[in-house]
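Everything below concerns the one structure shown next.
Along the sequence shown, residues carry numbers from 1. Heavy atoms only: backbone and side chains are in, while hydrogens, waters and symmetry mates are out.
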Amino acid sequence: MELLNNQSALILEEDEHGEISVNVASGNQESITSMICEAIARKLMSDEQFQTEIMDMLDDEEEESE
């Protein structure tokens with residue numbers, strides 16, 4: 001995927017053990033979009049409460065679709 005200078009993306013990858021890694025791709029590493037993605041990535045990897053909130057949201061969506 002090619003990103004423009006004003007675009008950034010979080011890339012989540014799951015390994016064979018179910019572990020998730022988070023990477024940031026950006027057309028411009030010093031852009032506001034890149035800085036926001038990097039902040040979200042750091043929070044996602046280090047904040048257990050944030051991780052729990054996300055997993056709870058996934059559980060809620062799964063229950064709603066049943």
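- Linking Ile, Leu, Val, Met, Phe, Trp and Tyr residues whenever their side-chain heavy atoms come within less than 4.5 Å leaves Leu3 and Ile11 in two separate clusters.
- Asn23 is linked by a side-chain hydrogen bond (donor to acceptor under 3.5 Å, both in side chains) to nothing, counting only residues two or more places apart in sequence or in another chain.
- Shortest non-hydrogen contact noted between Ala41 and Val22 is CB-CG1, 3.5 Å.
- Although no hydrogens or angles enter the test, the distance criterion places no donor-acceptor pair under 3.5 Å between the side chain of Ser34 and the main chain of Glu30.
- How far CG of Leu4 is from OG of Ser31: 11.0 Å, rounded to the nearest 0.5 Å.
- To the nearest 0.5 Å, the span separating CD on Gln49 from OG1 on Thr52 amounts to 7.5 Å.
- Atoms CE and CD, on Met1 and Gln7 in that order, are 8.5 Å from each other to the nearest 0.5 Å.
- Contact annotation: the side chain of Leu44 approaches that of Ile54 to within less than 4.5 Å [non-hydrogen atoms, C-beta and beyond].
- Not one N or O on the side chain of Glu61 forms a donor-acceptor pair closer than 3.5 Å with the backbone of Leu58.
- Between the side chain of Glu38 and the main chain of Val24, no donor-acceptor pair closer than 3.5 Å is present.
- Taken from OG1 in Thr33 to CG in Asn28, the straight-line distance is 7.5 Å, to the nearest 0.5 Å.
- Note on Ile32 and Ile40: same hydrophobic cluster, where clusters join Ile, Leu, Val, Met, Phe, Trp and Tyr whose side-chain heavy atoms are under 4.5 Å apart, directly or indirectly.
- Under a hydrophobic-cluster definition in which Ile, Leu, Val, Met, Phe, Trp and Tyr are linked whenever side-chain heavy atoms come within less than 4.5 Å, directly or via other members, Leu12 and Ile36 are assigned to the same cluster.
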May I have the step-by-step check of side chain to side chain contact (heavy atoms under 4.5 Å, CB included) for Ser26 and Cys37, ending in yes or no? CA-CA 9 Å; Ser26 183; Cys37 281; over 6 Å; no
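- The structure places NZ of Lys43 at 10.0 Å from CD of Gln51, a figure rounded to the nearest 0.5 Å.
- When the side chains of ILVMFWY residues are joined at heavy-atom separations under 4.5 Å, either directly or via intervening members, Met35 and Met45 end up in a single hydrophobic cluster.
- Here the straight-line distance linking atom CD of Glu48 with atom CE of Met55 works out to 13.0 Å at 0.5 Å rounding.
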